[in-house]
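Sequential numbering from 1 along the given sequence is applied to the chain's residues. Everything quoted here is computed from the prediction, not taken from an experiment.
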Amino acid sequence: MQLTWLDAHSPFPDTRLALDADSEAPGLLAAGGDLGVDRLVQAYSQGIFPWYSEGQPILWWTPDPRMVLPVAEFKLHRSLRKTLTKFLRAQGCELRVNTAFERVIQACATTPRDGQGGTWILPEMVQAYIALHQHGVAHSVETWVNGELVGGLYGLNLGQMFFGESMFAHRTDASKIALAGLVALCRQRDIPLIDCQQNTGHLGSMGARPIARSEFEAHLSTLVGVRQPKAWAYDPYCWTTLGL
């Protein structure tokens, strides 16, 4: 297969043209284009996301299967429940939303990860998602302790879908607290599905599972266009959706 090259005005090709599981790059759909707000919203609406390394062109992916976290199936294990209970009761511990988006994405880009020698969150990616945040599309969920940002995550919200991008932790369980907070907020906002993109054991242990790309796209067709009237903000009541 010859990979589709996008120019500034090219639409994305049919996702069924993505490289299959037997290829060297399963899920790779196209290259080129740009990281403008309109292009990224168009991409995510179709289940496509950018992921590439320094020195490569922009690469667009649509994996099959797709890892998703149905928020109703989130597994709040006993140890995390204990951690959350302690966190919510402790003075100086806070969950915040959208108060430090740029710091969160920079931390996701620079925090070392086991088995990874670099980052795909390049400077142009950082600026692209900051622009999405400024347009009210990208959001951060943040874990704070005594005024210090110790963990968090960021992603996109379109309609009743949340597309998770990356998370970081500078203290034990700080990213898990942010993820639990995201799940609680999604339940409160009637968002049934969080896109996790890739299959990882960590997310799988918390209830994420792979589904076929066709099933994922069917969810998008009904969820992305739903209007979300509420502004993204932290509401302590959201924790009741997790039984806390």
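The minimum heavy-atom distance linking Cys238 with Ala184 is given by the pair O-CB, 3.4 Å. The shortest heavy-atom contact between Ala31 and Pro57 is CB-CG, 4.5 Å. Between Gln160 and Pro192, the shortest heavy-atom distance links the atoms O-CD, 3.3 Å.
A donor-acceptor pair under 3.5 Å is absent between the side-chain atoms of Thr111 and the main chain of Cys108, judged by distance alone. In this structure, the side chain of Thr241 does not engage the main chain of Gln188 through any donor-acceptor pair within 3.5 Å. Here the side chain of Arg189 pairs a donor or acceptor atom with the backbone of Lys230 at under 3.5 angstrom. His135 places no side-chain N or O within donor-acceptor distance of the main-chain N or O of Asp38, the cut-off being under 3.5 Å.
Following chains of ILVMFWY side-chain contacts shorter than 4.5 Å, one can reach Val145 starting from Leu153, so the two form part of one hydrophobic cluster. Under the 4.5 Å side-chain heavy-atom criterion for grouping Ile, Leu, Val, Met, Phe, Trp and Tyr, Trp5 is not connected to Phe12 through any hydrophobic cluster. Grouping the Ile, Leu, Val, Met, Phe, Trp and Tyr side chains by contacts below 4.5 angstrom, directly or via other members, places Met67 apart from Ile211. Leu84 is connected to Leu95 through a chain of hydrophobic side-chain contacts under 4.5 Å among Ile, Leu, Val, Met, Phe, Trp and Tyr, so both are in one cluster. Note: the hydrophobic cluster containing Leu185 also contains Leu88 (ILVMFWY, side chain heavy atoms under 4.5 Å, direct or indirect links).
Taking a 6.0 Å sphere around CD of Gln198, one finds it holds more than 12 heavy atoms contributed by other residues, nucleotides or ligands.
Checked against a 6.0 Å centroid threshold, the rings of Trp239 and Phe87 do not count as neighbours.
Leu29 places none of its side-chain heavy atoms less than 4.5 Å from the side chain of Thr4. Under the 4.5 Å side-chain criterion, counting only non-hydrogen atoms from C-beta, Ser214 is not in contact with Thr15. Side-chain contact check for Leu242 versus Arg187: some heavy-atom pair is nearer than 4.5 Å. Using a 4.5 Å heavy-atom threshold, the side chains of Met206 and Val183 count as separate. In this structure, Asn98 and Ser140 have side chains that are in contact, with non-hydrogen atoms separated by less than 4.5 Å. By the 4.5 Å heavy-atom criterion applied to side chains, His202 and Lys176 are counted as neighbours. Under the 4.5 Å side-chain criterion, counting only non-hydrogen atoms from C-beta, Ile105 is not in contact with His133. Val68 has its side chain out of reach of Glu215: every pair of non-hydrogen atoms, C-beta onward, lies at least 4.5 Å apart.
Relative ring orientation between Phe162 and Trp232 is described as tilted, the plane-to-plane angle lying within the 30° to 60° band.
Here the straight-line distance linking atom CG of Leu158 with atom CG of Leu223 works out to 11.0 Å at 0.5 Å rounding. The distance from atom CG of Leu6 to atom CG of Asp34, rounded to the nearest 0.5 Å, is 9.0 Å. To the nearest 0.5 Å, atom CG of residue Asn157 and atom OH of residue Tyr44 are 13.0 Å apart. Rounding to the nearest 0.5 angstrom, the gap separating the CG atom in Leu59 from the CG atom in Leu3 is 7.5 Å.
Considering Leu149, Thr110, Val150 as possible partners of Phe168, the one that fulfils the side-chain contact (heavy atoms from CB on, under 4.5 Å) test is Leu149.
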Cut-off 3.5 Å, no hydrogens considered: what does the side-chain donor-acceptor table look like for residues 45-53, sequence neighbours left out?
| residue | atom | partner | partner atom | Å |
| --- | --- | --- | --- | --- |
| Ser45 | OG | Val41 | O | 2.7 |
| Gln46 | NE2 | Gln42 | O | 3.4 |
| Tyr52 | OH | Glu124 | OE2 | 3.2 |

Subject >> Phe74 and Ile194: CA distance, side-chain angles, deciding distance, side chain to side chain contact (heavy atoms under 4.5 Å, CB included) verdict >> reply: CA-CA 10 Å; Phe74 177 66; Ile194 298 171; over 6 Å; no
Subject >> Pair Phe163-Leu220, side chain to side chain contact (heavy atoms under 4.5 Å, CB included): steps then yes or no >> reply: CA-CA 11 Å; Phe163 303 84; Leu220 294 183; 3.7 Å; yes
**OP:** Any chance you could lay out the side chain to side chain contact (heavy atoms under 4.5 Å, CB included) test for Ser23 and Leu28, step after step, and finish with the verdict?
**Re:** CA-CA 9 Å; Ser23 73; Leu28 180 59; over 6 Å; no
**OP:** Show the numbers, then the answer: is there a side chain to side chain contact (heavy atoms under 4.5 Å, CB included) between Glu165 and Tyr154?
**Re:** CA-CA 6 Å; Glu165 278 297 311; Tyr154 74 96; 3.4 Å; yes
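A side chain to side chain donor-acceptor pair (under 3.5 Å) check over residues 55-64, counting only residues at least two apart or in different chains, returns nothing.
The side chain to side chain donor-acceptor pair (under 3.5 Å) check on Glu148 picks up Arg171, with sequence neighbours excluded.
Salt bridge annotation for Glu73-Arg209: present, with a cationic side-chain nitrogen under 4.0 angstrom from a carboxylate oxygen.
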